[in-house]
Every structure is written in structure tokens, then in C-alpha cells.
Amino acid sequence: MNKLRTALAAAAAAALGLAALATAPAAQAAAQPAFLAASQMPPSSTPWTATQVFTGVPENGGVLCAPYKIPAQNTRYREFSTELDTNGVQVTTVARTEADAVKLVDTLREALAGCGPLLEQQNPGLQAVSASHGKLAVEEGAWVYSLDTADPQIGISDIHLFSVGRDGRTVTLVRWGQMGDLHEAPLTAFRTTTKTAVNKLH
């Protein structure tokens, strides 16, 4: 009888071990940073839709104002759009160390803060103004910026809102954009979207 109990205990232990191995990939997948849902973007007159989450960075190498600043390795992104040409993207990357994540946040903040003058230099005739809208108290912090552009030659103006936030080694950048001016941008709602994005990372 003791031998039988020992054999059953060993079999049960083996079964538990196999179960643990089977659930390991699911646990690892769950550890991936989560992304905003379409409904968590700032309210719009038409519903938001969201793509699946892709691996790497968007085709333009990141986002306006920070092209090629975000490494493709350990990076994923999701794009958002509405029927009225309002669009957005969230790009999230997991840095090798927390120090690397801090450095990336600093790099992105510098790029966003200086975007307007750089665009004017690269595009003669374009009027572009960047502005900082402060820091948000969420995890290790998030910072909000805007970019207001106008092209007098073709009579088009666009407004973009950006945010950069960090939770440990994970950095996320969110962009919202549409035709119009800064006074038409949902800045308060975008702050809420940013806090949600950072809180969802882990």
C-alpha cells in the first residue's frame, strides 16, 4: 500500500509539473505590456477603431517628431483611427534596463519639445509650434506635448498631442492627431488616455 501511495504521489507531482510547464507560455504572454483599447482614446464624434498589436515600430520608424528614436527590438504598436481623419498610435517598448528606459524617455521628451523648430527648418514655409503641457503623476511619470502646424500655401492646419510615460523598464508613447488647431484638441481627455495607457502597461 505504501508503494502504491508513493507511486500515486509521484504521478501527481509529475502531472503538476507538466501543468506548470503548459501554463508557462500563457503566463509569459500575460506579462507583455497591455495596450489601449479603441474606447480609451479621447472621445470623438465618430467611434474609434483599433488595429491588432503589431511587432516592431510603425512604417515611419516611430511617430511624427520622434522618428527612429524608438528601437524596433522589444517594441510593439497599435494604430487608431476614426471616420473623420482623427488618428493615433501607441508604441510601447521594453528596455534592457531601467536606466535605458530613463534614457529613452529623456530622448523622446527632447525630440517632442523641439519638434516645431525642427519641422520649420526642414520645411520652409511651414509654421510649427511645440508646447509642453506638464507632467502627470502616474507610475514613474508621463509627460504631455502638443504640435500645432499650419501650411499657409495650401491652407491646412493640423494639431497633434503626444505623451511619453514609463513604468519600470517599459516606455510607451501615445499620439493623437487631426486637422485643426490646439484650442480644438481634447487635451484634458488626452491626459486621461495617457494615464490609462501607463497604468495598463503592467
Within 6.0 Å of [atom1] in [X], more than 12 heavy atoms from elsewhere:
X      : atom1 : answer
Glu110 : CD    : no
Lys69  : NZ    : no
Gln122 : CD    : yes

Distance check, rounded to the nearest 0.5 Å: [X] atom [atom1] versus [Y] atom [atom2]?
X      : Y      : atom1 : atom2 : answer
His133 : Leu187 : NE2   : CG    : 5.5 Å
Leu136 : Trp143 : CG    : CH2   : 9.5 Å
Met41  : Gln90  : CE    : CD    : 8.5 Å
Lys103 : Leu108 : NZ    : CG    : 12.5 Å
Thr193 : Phe80  : OG1   : CZ    : 9.0 Å
Gln52  : Glu79  : CD    : CD    : 10.5 Å

Do side-chain atoms of [X] reach the backbone of [Y] as a donor and acceptor pair under 3.5 angstrom?
X      : Y      : value
Arg109 : Ser163 : no
Glu120 : Ala128 : yes
Asp181 : His183 : no
Arg169 : Ala95  : yes
Ser157 : Ala150 : no

Taking the side chain as everything from C-beta on, heavy atoms only, tell me whether [X] gets closer than 4.5 Å to [Y].
X      : Y     : answer
Val171 : Thr92 : no
Ser81  : Thr86 : no
Thr172 : Phe35 : no

Handout entry: Residues His202, Thr170; criterion side-chain hydrogen bond (donor to acceptor under 3.5 Å, both in side chains); working and verdict
Key = CA-CA 9 Å; His202 296 292; Thr170 306; 2.6 Å; yes

Problem - Working for side chain to side chain contact (heavy atoms under 4.5 Å, CB included), residues Leu84 and Ser45 - result: CA-CA 8 Å; Leu84 296 178; Ser45 57; 2.9 Å; yes

Exercise for the section: Show your reasoning for whether side chain to side chain contact (heavy atoms under 4.5 Å, CB included) applies to Leu182 and Ile159. Expected result: CA-CA 6 Å; Leu182 180 58; Ile159 180 65; 3.8 Å; yes

Search all heavy atoms of [X] against all heavy atoms of [Y] and return the closest pair with its distance.
X      : Y      : result
Ala34  : Lys200 : CB-O, 3.1 Å
Glu98  : Arg166 : OE2-NH1, 3.0 Å
Gly168 : Ala101 : O-CB, 3.7 Å
Gly56  : Tyr77  : O-CD2, 3.2 Å
Pro67  : Cys65  : CD-C, 3.3 Å
Pro42  : Ala189 : CB-CB, 3.9 Å

Linked, directly or transitively: [X] and [Y] (ILVMFWY side chains, under 4.5 Å):
X      : Y      : value
Val89  : Val57  : yes
Val198 : Leu161 : yes
Trp176 : Leu173 : no
Val138 : Leu112 : no
Val105 : Val94  : no

Problem - Ile156 and Met179: CA distance, side-chain angles, deciding distance, side chain to side chain contact (heavy atoms under 4.5 Å, CB included) verdict - result: CA-CA 8 Å; Ile156 292 179; Met179 293 180 62; 4.2 Å; yes

Problem - Donor-acceptor side-chain pairing of Arg175 and Asn87 below 3.5 angstrom - result: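 A pair is found: one side chain offers a donor N or O, the other an acceptor, under 3.5 Å apart.
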
Practice task
Indicate whether the side chain of Asp100 and that of Thr97 have a donor and an acceptor atom separated by less than 3.5 Å.
Solution key: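 The answer is yes; a qualifying pair exists.
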
Practice task
For the pair Glu83 and Thr46, evaluate side-chain hydrogen bond (donor to acceptor under 3.5 Å, both in side chains) and give the outcome as yes or no after the intermediate values.
Solution key: CA-CA 6 Å; Glu83 295 178 1; Thr46 58; 5.0 Å; no

Handout entry: Passing candidate, side-chain contact (heavy atoms from CB on, under 4.5 Å) with Arg78, options Val174, Val91, Val53
Key =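 Considering Val174, Val91, Val53, a side-chain contact (heavy atoms from CB on, under 4.5 Å) with Arg78 is found only for Val53.
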
Practice task
Show the numbers, then the answer: is there a side chain to side chain contact (heavy atoms under 4.5 Å, CB included) between Leu64 and His160?
Solution key: CA-CA 9 Å; Leu64 181 68; His160 295 274; 3.8 Å; yes

Problem - Distance flag, aromatic centroids of Tyr145 and Phe162, threshold under 6.0 Å - result: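 No, the ring of Phe162 stays outside the 6.0 Å limit from the ring of Tyr145, centre to centre.
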
